[in-house]
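Keep in mind that what you see is a predicted model, and the values were worked out from it rather than measured. Protein chains get the first letters and strands the later ones, always in sequence-line order, with residue 1 at the start of each.
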2 protein chains.
Amino acid sequence: MTKNKGYEEAVRPVAFASAQEVARLAGVSRSAVSRAFTPGASISPDTRAKVEAAAAELGYHVNHLARGLMRQQTGIVCLVVADIHTPYLSSLIETLSRVLQEAGKVVMVLNAGRASGRVDEALRQTLNYRADATLVLSGTPYRSIAQSCLDSGQRLILLNRDDHLPGTVNLSVDNARAARTAANLFLRAGYRRLALVTSGIGTPSLTARRDCFLATAREAGRQVAVWEGGATAYESGLQGGTELFASDDPPDAVFAVTDLLACGVLDAARHRFGRSVPGEVGVIGFDDIEQAGWASYDLTTFAQPVSDISQWMVRIVAGGIVDEPADRVFEAPLVWRSSVARQL
Amino acid sequence: MTKNKGYEEAVRPVAFASAQEVARLAGVSRSAVSRAFTPGASISPDTRAKVEAAAAELGYHVNHLARGLMRQQTGIVCLVVADIHTPYLSSLIETLSRVLQEAGKVVMVLNAGRASGRVDEALRQTLNYRADATLVLSGTPYRSIAQSCLDSGQRLILLNRDDHLPGTVNLSVDNARAARTAANLFLRAGYRRLALVTSGIGTPSLTARRDCFLATAREAGRQVAVWEGGATAYESGLQGGTELFASDDPPDAVFAVTDLLACGVLDAARHRFGRSVPGEVGVIGFDDIEQAGWASYDLTTFAQPVSDISQWMVRIVAGGIVDEPADRVFEAPLVWRSSVARQL
DNA sequence: CTGAAAGCGCTTACAG
DNA sequence: CTGAAAGCGCTTACAG
């Protein structure tokens with residue numbers, strides 16, 4: 001309350017300088033200070049200079065909280081995400097935060113954990129801080145809370161979700177096509193005993209990859225051994241691979257629905273069963289995480305269009321897309337490496 | 001300005017309900033609404049119930065921006081960080097954001113890129129949004145801007161920085177001890193031609209690891225081949241390893257100052273020179289990233305005390321540490337795996 | 001326990 | 001181009 005009383009005596013006030021103080025020092029009005037920090041506002045070069053000098057002297061920084069209260073936007077964009085440490089998501093966050101910042105936004109990260117309900121809790125924070133937009137990178141919000149976001153004027157963008165909530169923008173990746181390509185790659189190369197490894201987490205993306213891979217194999221008259229379990233992580237791939245290769249009819253080709261899983265499968269094949277890759281076992285992953293390119297894996301996979309997704313999200317957030325439908329499906333291009341033979 | 005005029009006619013107002021509206025609907029004062037959302041405020045169960053009912057009906061969410069304006073804190077904690085996609089940093093962000101949220105804070109991530117000056121730009125944002133605290137995980141801020149943060153009452157915590165700016169809290173890891181341990185491990189096992197691989201980025205941590213490794217080897221009467229270059233990444237390790245193993249006097253033990261580098265070195269040894277690890281070449285890394293535990297690497301390394309660091313940071317941010325010196329050096333425990341022999 | 005009032009730090013018509 | 005004034009949505013002594 002009296003935070004700035006006694007200001008004159010204090011050597012170094014532990015508090016922020018206000019526009020009021022800057023105005024006083026510069027000998028102009030409070031409004032002039034405001035204008036000096038508003039691009040495009042009408043202010044003479046002279047008073048602007050005076051304001052800037054005073055601001056520098058006082059160490060003044062516009063309070064964006066107060067500004068957000070007046071303007072209809074705060075500049076805050078929320079990222080709702082779980083498993084931040086995961087290679088794919090961390091690169092998405094990396095590039096998303098970069099382009100968002102370049103667009104003048106500031107990003108708030110809400111770690112939604114893996115527990116259910118955490119997404120909704122995050123969305124509530126989003127509302128509390130009056131975010132201009134929120135990008136849901138993992139998990140699915142309940143309709144009611146999502147509706148609240150929409151009602152309050154927030155832009156809500158969901159990544160890889162099935163349920164098209166009206167008012168929401170849905171971005172996704174062409175999982176079906178990639179899964180079909182994976183199956184055909186195996187079949188054409190001459191692999192005969194196909195398998196699929198996926199986690200126990202049934203996100204729409206993973207489910208789509210699984211189903212399309214199975215469908216394509218079936219159309220070609222092939223059975224597919226399916227291993228499903230655990231988290232979407234290396235360990236699950238290692239375990240799944242181990243169980244598959246230990247079975248009576250071990251596969252010679254496995255599509256792992258994620259690179260993390262694929263690395264585990266590959267290590268199981270190579271280190272636990274001494275199988276050569278791609279000669280005895282072909283492996284295909286999905287995501288093109290950095291490790292997929294490392295010499296020990298050199299995984300054939302599909303690249304997440306991280307850059308395209310980020311750019312599109314920013315365009316939506318920055319209001320660059322209006323009236324044209326913002327929903328979009330991005331391609332995940334095949335990245336050829338050496339974990340699957342071209343021809344056996 | 002007239003955002004809520006015409007509210008009665010609108011089917012669904014695209015705007016936020018205010019405490020004022022909640023008060024009207026609940027038949028209480030504006031203050032009562034405020035109290036209903038302030039833990040510990042004096043309010044009767046009866047009026048609280050009325051307020052909650054009205055709030056639910058209107059979809060009211062306290063505006064934390066306005067709240068932050070009045071209280072002396074915003075609840076915002078900024079993370080200034082570069083290379084977010086990197087395994088070590090992404091796990092630090094993962095656990096930091098989790099514990100911070102559990103402590104009732106909200107985290108803003110400022111991607112400082114790798115360019116110089118970006119840290120200062122980030123710190124300026126920190127000031128604009130009146131963050132309660134900011135944690136600098138990468139890079140070094142200029143004194144002047146750091147001083148501004150301190151002056152404005154922000155808590156400023158720096159990770160692994162050398163320059164102890166007064167007023168700032170400095171957290172670091174015992175790099176010296178780890179590097180010494182690495183050298184001794186090699187020497188005791190019987191490795192004879194030591195090498196060190198580090199990046200061209202001279203952060204205090206990397207420099208300390210390098211210097212202490214070299215000093216320990218020197219004390220034992222050993223020369224160390226040093227490769228230094230590139231970013232702190234797998235590719236640099238691969239290149240460094242390749243050049244070292246191709247030299248006239250190739251090493252039989254290399255300490256890579258980071259796991260990412262170590263993975264590259266190990267792949268160079270194994271895949272480009274057919275050297276067996278740990279029999280012909282021993283490799284030690286630092287960080288204990290997830291990949292260090294993967295079967296293809298199984299890297300002996302030192303674990304970043306991510307959890308301890310996070311917990312300590314949160315205690316400082318939440319005000320749990322007062323008057324006692326908050327600076328701290330954490331140990332990075334050795335993680336024994338199979339990339340270095342116990343005895344050749 | 002409760003309400004009226006002042007105030008946080010800003011922006012933006014409005015009138016000059 | 002400029003200043004006085006109203007208002008954004010909240011909290012918190014103050015007085016009852």
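Regarding contacts with the backbone of C:dC1, every side-chain N or O of B:Ser44 stays at 4.0 angstrom or more from both OP1 and OP2. Note on A:Tyr129: every side-chain N or O is 4.0 Å or more away from OP1 and OP2 of D:dC10.
Between B:Leu69 and B:Arg35, the one whose closest nucleotide on DNA chain D sits nearer the 5' end is B:Leu69. Where A:Val33 and B:Thr47 meet DNA chain C, the nucleotide closest to each residue was compared, and B:Thr47 sits on the side nearer the 5' end.
Checked by atom type and distance alone, the side chain of B:Asp83 never pairs as donor or acceptor with a backbone atom of B:Thr86 at under 3.5 Å. Here the side chain of A:Asn170 pairs no donor or acceptor atom with the backbone of A:Asn160 at under 3.5 angstrom.
Residues A:Thr140 and A:Arg161 have side chains that bring a donor and an acceptor to within less than 3.5 angstrom of each other.
For the pair A:Arg67 CZ and D:dG7 P, the computed distance is 22 Å after rounding to whole Å. Summarising the geometry, the separation between CG on A:Asn128 and C1' on D:dG9 is reported as 13 Å, rounded to the nearest angstrom. In this structure, A:His61 places its NE2 atom 16 Å from C1' of C:dC10, rounding to the nearest Å. Whole-Å rounding puts the A:Met70 CE to D:dG9 P distance at 9 Å. Rounded to a whole Å, the CG atom of A:Asp46 is 16 Å from the C1' atom of D:dG3. Rounded to an integer number of Å, the gap from B:Phe16 CZ to D:dC10 C1' is 14 Å. Rounded to whole Å, the distance from CG on A:Asn63 to P on D:dC10 is 16 Å. Rounded to a whole Å, the CZ atom of B:Arg30 is 13 Å from the P atom of C:dG3.
Closest to the side chain of A:Thr38, out of D:dT11, C:dT11, C:dG9, is C:dT11. Among the nucleotides D:dC10, C:dC10, D:dT11, the one closest to any side-chain atom of A:Ser18 is C:dC10. Of the candidates C:dG3, C:dT11, D:dC10, the closest approach to any side-chain atom of A:Arg71 belongs to C:dT11.
The number of heavy atoms from other shown groups lying within 6.0 Å of CD (B:Gln20) is above 12.
A donor N or O paired with an acceptor N or O is found under 3.5 Å between the base of D:dA4 and the side-chain atoms of A:Ser31. One cannot find a donor-acceptor pair under 3.5 Å joining the base of C:dG9 and the side-chain atoms of B:Arg130.
Comment: B:Asp132 engages B:Lys105 in a salt bridge, judged by a side-chain N to carboxylate O separation of less than 4.0 angstrom. With respect to B:Glu121 and B:Arg124, no salt bridge is recorded, no charged nitrogen being found less than 4.0 Å from a carboxylate O. With salt bridges taken as basic N to acidic carboxylate O contacts below 4.0 Å, none links A:Arg24 and A:Glu21.
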Margin query: Can you give me the dot-bracket string for DNA chain D, 5' to 3', counting Watson-Crick and G-U wobble pairs with both distances under 3.5 Å, using [ ] for crossing pairs and | for partners on another strand?
Written below: |||.||||||||.|||
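Residue-level contact check: A:Phe37 touches neither bases nor backbone, having no heavy atom under 4.0 Å from any strand.
At a threshold of 4.5 Å between non-hydrogen side-chain atoms, the residues A:Val51 and A:Arg35 do not count as touching.
D:dG16 sits 16 Å from D:dT12 when the C1' atoms are compared, rounded to a whole Å.
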